[in-house]
Amino acid sequence: MGRTGGRAARLSCRHDEFAFSIALHTLAGVIIAKMIDDCRTERWKLGRLALVPTMGALHAGHLSLIELAHKQDAAVAVSIFVNPTQFGPREDYNKYPRPIEDDLALCGRAKVDLVFLPSAEEMYRPGLAEVMVDLPQLTSVLEGKHRPGHFRGVCQVVAKLFNIAKPDLAIFGQKDFQQLRVITAMVEALDWPIDILPAPTLRDPDGMAMSSRNQYLTADDRRRGLAISKALFAAQAEFDAGIAQTNRLLTTMQHILLEPHLHIDYIAAVDTISLKNVEVVTGPTVLAIAARVNNIRLIDNVILKPGA
Ligand code: AMP
């Protein structure tokens, strides 16, 4: 399917690709651009712009990024796009949740100025050359090691989103710590005039990091999955009590994760900049966990800051 030209859709207008419900009337004032040309046109009307890239299925964690964007003296754009190129062949691209009407309603309530909502066909038009941006030192570890090609897809789509929306700044969550680091390094290495702002991880009251994938969890999965944040908090408490050897911290985490029989992809202590393994915490260090509960992959992390 090719591009059909510039048609920014205001909420009151017709939409030809999604069956919008009447609930969308609450969104009056939010510009929804499904085509790249529309996004470009609308973007230039907004002046200084903060972009919050998402894959939708928005939750309070995403909303906290939007809130932070509003504090930047800028108009706020949110992109909603489940990017096929960052999913592996056995991953959950097809079943990834896409509650688009709810997402748009949330954007309306959060006073977002512009939503960019392209289709996969619009972003990856047939005939376009394959482009790969790779940062091998940062992507050969952790998520990159367990999800081959994932960060090439992330860099590809974020590069396109940046070129389309031309944000002055973009906000990424620390929940996806390696992604935040990779994007920051990409922008720095390629000299793009875009500030990358980190946003802290929002958690449910029980400690679990909010994630669009949490909705797949049964009550029992969730109880078991809670071991991830519990393990991170226990290691953080040990570090706060003076233990800086990461083998001690990693062992503590491992014990907590093994009890509910989680399938652990990795438990790591890495430098926040180089993402190289750390043996003794003397500088900012991320403790990171990826584990699967009932085949649902969850990731989480905490940052240790000596002397903080
Ligand atoms: P996603 O839709 O999962 O691609 O996430 C979009 C953005 O929201 C990314 O920058 C994530 O790091 C961020 N994010 C996801 N979950 C949370 C959370 N619990 N707290 C803060 N930011 C989050």
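Both ligands and their constituent atoms are indexed starting at 1 by order of listing. FYI, the numbering just counts along the sequence from 1. Values reported hereafter were calculated over all heavy atoms of this structure, with side chains retained and with hydrogens, waters and symmetry mates removed.
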Notebook entry, point to check: Do side-chain atoms of Arg43 reach the backbone of Gly47 as a donor and acceptor pair under 3.5 angstrom?
Noted result: yes
Check: For ligand 1, does Val52 get within less than 4.0 Å through its side chain, its backbone, both, or neither, judged by non-hydrogen atoms?
Finding: neither
Check: Just by modelled atom types, is the Ala234 backbone N or O under 3.5 Å from a matching donor or acceptor in the Glu238 side chain?
Finding: no
Checklist line | Geometric N/O contact Ala209 with ligand 1, under 3.5 angstrom | finding: no
Item checked: Heavy-atom nearest neighbour in the protein, as seen from atom 11 (C) of ligand 1, with distance rounded to 0.1 Å -> Asp176 OD2, 3.0 Å
Check: What protein heavy atom sits nearest atom 5 (O) of ligand 1, and how far away is it?
Finding: His62 NE2, 3.4 Å
Next item on the list: Measure from NZ or CZ of Arg98 to the centre of the six-membered ring of Phe81 and say whether it is under 6.0 Å with the direction within 45° of the ring axis.
Entry: no
Next item on the list: Using the test side-chain hydrogen bond (donor to acceptor under 3.5 Å, both in side chains), find all partners of Ser211 that sit at least two apart in sequence or belong to another chain.
Entry: none
Next item on the list: For ligand 1, indicate whether the residue Pro53 contacts it via side chain, backbone, both or neither (heavy-atom separation under 4.0 Å).
Entry: backbone
Note to self: Taking Ala57's backbone N and O only, do any of them form a donor-acceptor pair with Ser212's side chain (distance below 3.5 Å, no angle check)?
What the structure shows: yes
Notebook entry, point to check: What is the nearest protein non-hydrogen atom to atom 10 (O) of ligand 1, stated with its residue, atom name and distance?
Noted result: Gly173 N, 2.8 Å
Item checked: Polar side-chain atom of Arg40 near backbone of Asn163 as donor-acceptor pair, under 3.5 Å -> yes
Next item on the list: Under 4.0 Å, heavy atoms only, figure out whether ligand 1 is touched by the backbone of Ser212, its side chain, both or neither.
Entry: neither
Next item on the list: Name the closest protein heavy atom to atom 20 (N) of ligand 1, giving the residue it belongs to and the distance to 0.1 Å.
Entry: Leu202 N, 2.8 Å
Item checked: Listed partners of Asp221 passing side-chain hydrogen bond (donor to acceptor under 3.5 Å, both in side chains), at least two apart -> Thr218, Asn294
Next item on the list: Assess His59 for proximity to ligand 1: is some non-hydrogen atom of it under 4.0 Å away?
Entry: yes
Next item on the list: Note the single closest protein heavy atom to atom 23 (C) of ligand 1, along with its residue, its atom name and the distance in Å.
Entry: Lys175 CB, 4.1 Å
